[in-house]
Q: 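Have a look at this one.
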Amino acid sequence: MPIYTDIIQAFRAHWTAHNNQYPKQLTLSPAQATEFEYQRATGGVGIAGHEKPERNRFWGTPIVEDPASPGVLVSVDGVEIPLQQPATA
């Protein structure tokens, strides 16, 4: 599943569990951050009037790059929730 889909699903689950509050941050590996930035850019930048998305924010939530991170959403209460990404063959 694309990283974009994993992040959207994590946000939706977080909103449900935390009364529509936004998470504290996303922590992604540099490779995940690059993939996420690419997926976001190719989805909207080709549309007139859309600007390139910020690499370090998504929907107002900070994106922190950490080479040791498996990719997590940090919830409003500080709990790290892994982004589910099945291995590709």
Side-chain angles (χ1 to χ4, degrees):
M1 187 176 323
I3 187 82
Y4 183 87
T5 304
D6 293 333
I7 290 171
I8 297 301
Q9 289 178 347
F11 265 77
R12 287 179 179 159
H14 185 274
W15 289 330
T16 299
H18 297 282
N19 198 28
N20 293 323
Q21 293 182 52
Y22 280 80
K24 285 186 179 181
Q25 74 183 40
L26 282 168
T27 305
L28 304 174
S29 71
Q32 288 171 321
T34 297
E35 179 185 354
F36 185 51
E37 180 182 36
Y38 174 77
Q39 290 172 0
R40 291 169 63 202
T42 57
V45 171
I47 301 170
H50 284 256
E51 296 181 18
K52 182 177 178 182
E54 292 182 74
R55 183 176 173 95
N56 63 350
R57 294 192 87 66
F58 180 63
W59 291 344
T61 300
I63 298 173
V64 175
E65 291 184 46
D66 178 354
S69 178
V72 296
L73 179 140
V74 181
S75 71
V76 72
D77 57 4
V79 175
E80 291 189 356
I81 303 161
L83 301 172
Q84 303 287 320
Q85 289 198 50
T88 56

Q: With sequence neighbours left out, which residue pairs that include part of residues 59-72 fulfil the side chain to side chain donor-acceptor pair (under 3.5 Å) condition?
A: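 Found Arg55-Glu65.
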Q: Could you check Leu26 against Val64 for side chain to side chain contact (heavy atoms under 4.5 Å, CB included), going step by step and ending with a plain yes or no?
A: CA-CA 6 Å; Leu26 282 168; Val64 175; over 6 Å; no
Q: Taking a hydrophobic cluster as the set of Ile, Leu, Val, Met, Phe, Trp and Tyr residues connected by side-chain heavy atoms closer than 4.5 Å, whether directly or through intermediates, do Ile7 and Tyr38 fall within one such cluster?
A: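 Shared cluster, no.
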Q: Run through the side-chain heavy atoms of Ile, Leu, Val, Met, Phe, Trp and Tyr, join any pair under 4.5 Å, and report what else lands in Val74's cluster.
A: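 Val72, all in the cluster of Val74.
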Q: Going through the distances and angles, do Thr34 and Gln32 end up as a side chain to side chain donor-acceptor pair (under 3.5 Å)?
A: CA-CA 5 Å; Thr34 297; Gln32 288 171 321; over 6 Å; no
Q: Show the atom names and distances, to 0.1 Å, of all donor-acceptor pairs under 3.5 Å that link a side chain in residues 11-18 to residues at least two apart or in another chain.
A:
residue	atom	partner	partner atom	Å
His14	ND1	Gln21	O	2.9
His14	NE2	Val76	N	3.0
Thr16	OG1	Arg12	O	3.0

Q: Pairs in or reaching into residues 14-27: which pass salt bridge (Lys or Arg N to Asp or Glu O under 4.0 Å), with residues at least two apart or in two chains?
A: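 Checked against salt bridge (Lys or Arg N to Asp or Glu O under 4.0 Å) - neighbours excluded - no pair reaches residues 14-27.
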Q: Taking the side chain from Arg40 and the backbone from Phe58, do they hold a donor-acceptor pair closer than 3.5 Å?
A: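 The answer is no, because no donor-acceptor pair under 3.5 Å joins these two groups.
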Q: Considering non-hydrogen atoms only, spot the tightest contact between Leu83 and Asp6 and give its length.
A: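 Smallest interatomic distance, heavy atoms only, reads CD2-O, 4.1 Å.
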Q: Considering non-hydrogen atoms only, spot the tightest contact between Tyr4 and Gln39 and give its length.
A: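 Closest heavy-atom pair between Tyr4 and Gln39: N-OE1, 2.9 Å.
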Q: So, using side chain to side chain donor-acceptor pair (under 3.5 Å) as the criterion, who are the partners of Asp77 when residues are at least two apart?
A: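 For Asp77 the side chain to side chain donor-acceptor pair (under 3.5 Å) partners, ignoring immediate neighbours, are Ser75.
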